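Quick notes on the structure that follows.
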Amino acid sequence: MALPGFRDFYPADCAFRNAIFAKWRDVAHRYGFVEYDGPPLEPLDLFTKKSGQEIVTQLYNFTDKGEREVALRPEMTPTLARLVTARHKDFKKPLKWFSIPQVFRYERQQKGRLREHYQFNCDIIGEAGLEADIELIALVIDTLRAFGLTEKDFVVRLSDRQFWTDFMNERNVPEEERYAVIQAIDKSEREPREKTAEKLGRLATEVFAILDDAGSAKSERLDTVETGLRYRGLPDYVKRDFTVVRGLAYYTGVVFEVFDRSGEFRAIAGGGRYDNLLKNLGEVDLPALGFGMGDVVLGEILKGNGWSPHHGQSGVYVVIADEDYRAQAMKIVQELRLQIFDEAVDYSLQPSKVGKQFQTAEERVFEFAVVVDSQVTDGIVEVKVLATRQQTKVAIENVYSHLMEKRGERYRRG
RNA sequence: GCGGCCGUAGCUCAAUGGUAGAGCUCCAGAUUGUGGUUCUGGCUGUUGCGGGUUCGAGCCCCGUCGGUCGCCCCA
């Protein structure tokens, strides 16, 4: 039994997960992002420096055998910040980097939320212009579209953290009250209005006016972002929503969260601009923005949509019809394994009835069977297309080319 | 950290307080060298764990662990 909040990945689960990873990588590459990675275990203070001591209650942390205080990473951004800070002069800006780390949180699990998950992280570093924000949001949209999701399935709720900062500046909200205001706005959707109003005090009327009618608030940044997305043909995927502020204190500009349209799940992804984070963590001052998308909520949505990795027929099952010729069969197996690309060539490890071997081949969705029997002494095997049950005698040296020819016929038939 | 619901075979679930069962899966055979059907047979349980009540507990009570959903918190 896996620990609470941790998952086992049986082959089908692993195939599903890997198919998600493959899509993530595919889209990121198409957007010109390059992959990086870092250690799952980090010094504890890497996280407390950014988020304060209170984050420790949410961390898997312990003292290692060298008396170091360490923690399993709860997010990738601090690691990314360290990597970039250490060697930023080695890279041309802007950096477009992505990663698929497994991240960990020590908290009670609930729907869509475990103690570990894989999080697709995409960040652009060293570009202050809004073109980067547009690029990043387009990427999050196209990532979900790559899974067959459409504007009917999800929406990117767009907001502007800077707008709220300006708002509070203009009304002279004291520094120490600001985080509470942001928190109140963040929770306003889930709490009774009176409670939020109480928290907001004198700001309540104005804030509610903005939350109720996002169009009433002016944000040139959002105007620009929306225009940019329109140019890219993606306007139907976004909606202005100033309740989105993101819990974290370090966001500075455009922020966004992606939700399923049904409202059944928690956020699919979230991110935004954090221009001051690198400066605050180290000596390097670079603007930055990014998003994270977890495999758990996405996986639940995809399962609900019936999405699954394609697993058509492929590979070759070598049927040993006569145990006397197992040695010859092994020679064929090994030759095919050298010739074939990225597909299984398998056989029964133990003597087994022919019918049983075919059954195995079929259950495992092989495309071809190669039957080895006494004819092998004349250099002949039977090649069978499992789907059509069509069987042909083929000289051993021609097996591979015969298989490829058969496959070509299948594709030509469509 | 707090609360609701739930914990019986690998899976889905039955069993009035009275000898723990079924379906599916899996394995084997029917079928001696060619397929997902069918039929037959077989394996699998400290009823999550520990205590209590009772002549007797899967069932009732307490605790605990785990699952699930929500809260807190937070992506």
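Quick caveat: nothing in here was measured; it's all calculated off a predicted structure. Scope of the values below: all heavy atoms of this structure, side chains included, with no hydrogens, waters or symmetry mates.
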- Look at all strands and tell whether A/A267 reaches a base, only sugar-phosphate, or nothing, counting heavy atoms closer than 4.0 Å. base
- Strictly under 6.0 Å, is that where the ring centroids of A/F366 and A/Y317 end up? yes
- Message: Please verify the inter-ring angle class for A/W24 with A/F21; under 30° counts as parallel, over 60° as perpendicular, anything in between as tilted.
- Response: parallel
- Should B/C27 form a Watson-Crick or G-U wobble pair with both distances under 3.5 Å, which nucleotide is its partner? B/G41
- Query: When you measure from the side chain of A/R108, which nucleotide among B/C2, B/G66, B/U34 comes out closest?
  - Reply: B/C2
- Query: Can you say whether the rings of A/F163 and A/F242 are parallel (under 30°), tilted (30 to 60°) or perpendicular (over 60°)?
  - Reply: tilted
- Message: Counting only side-chain heavy atoms from C-beta out, which of B/G29, B/G36, B/U34 sits nearest to A/K353?
- Response: B/G29
- Message: Could you identify the nucleotide paired to B/G58, looking across every strand shown and requiring Watson-Crick or G-U wobble geometry with both distances under 3.5 Å?
- Response: none
- Report yes if a donor N or O on one partner sits less than 3.5 Å from an acceptor N or O on the other, where the partners are the side chain of A/Q357 and the base of B/U34; otherwise report no. no
- Item | Separation between the C1' atoms of B/C60 and B/U53, rounded to whole Å | 8 Å
- Identify which one of A/F259, A/F265, A/Y237 satisfies the ring-ring contact (aromatic ring centres under 6.0 Å, His included) criterion when paired with A/F154. A/Y237
- Short side-chain N/O contact to B/C72 OP1/OP2 from A/K187, under 4.0 Å: no
- Task: From the options B/A28, B/C69, B/U68, select the nucleotide whose nearest atom is closest to the side chain of A/K111.
- Result: B/C69
- Within 45° cone and under 6.0 Å: A/R115 NZ/CZ vs A/Y106 ring: yes
- Message: I'd like the C1' distance from B/U44 over to B/C26, given in whole Å.
- Response: 10 Å
- Task: For B/U31 and B/G67, measure between their C1' atoms and round to the nearest Å.
- Result: 45 Å
- Item | Distance between P atoms of B/U68 and B/A28 (Å, rounded) | 35 Å
- What's the closest nucleotide to the A/E107 side chain, out of B/C73, B/G67, B/U34? B/C73
- Item | Selected nucleotide, minimal atom distance to A/Q391 side chain, candidates B/U34, B/G33, B/C73 | B/U34
- Pair assignment for B/C73, Watson-Crick or G-U wobble, requiring both distances under 3.5 Å: none
- Item | Span that lies between the C1' atom of B/G58 and that of B/G1, in whole angstrom | 32 Å
- Indicate whether OP1 or OP2 belonging to B/G36 is found under 4.0 Å from a side-chain N or O atom of A/Q359. yes
- P gap between B/G29 and B/U34, integer Å: 15 Å
- Task: Both distances under 3.5 Å, Watson-Crick or G-U wobble: report the partner of B/G21, or none.
- Result: B/C13
- Message: Measuring only the C1' atom in each nucleotide, how far is B/G51 from B/A9? A whole number of Å is fine.
- Response: 26 Å
- Please confirm whether A/F147 and A/F120 have ring centers closer than 6.0 angstrom. no
- Given B/A28, is OP1 or OP2 found less than 4.0 Å from the side-chain N or O atoms of A/K356? yes
- Query: For B/U68, does OP1 or OP2 lie under 4.0 Å from any side-chain N or O of A/Q110?
  - Reply: no
- In whole angstrom, give me the gap between the P atoms of B/U16 and B/G52. 25 Å
- Query: Does any nucleotide pair with B/G66 by Watson-Crick or G-U wobble geometry, both distances under 3.5 Å, and what is it?
  - Reply: B/C6
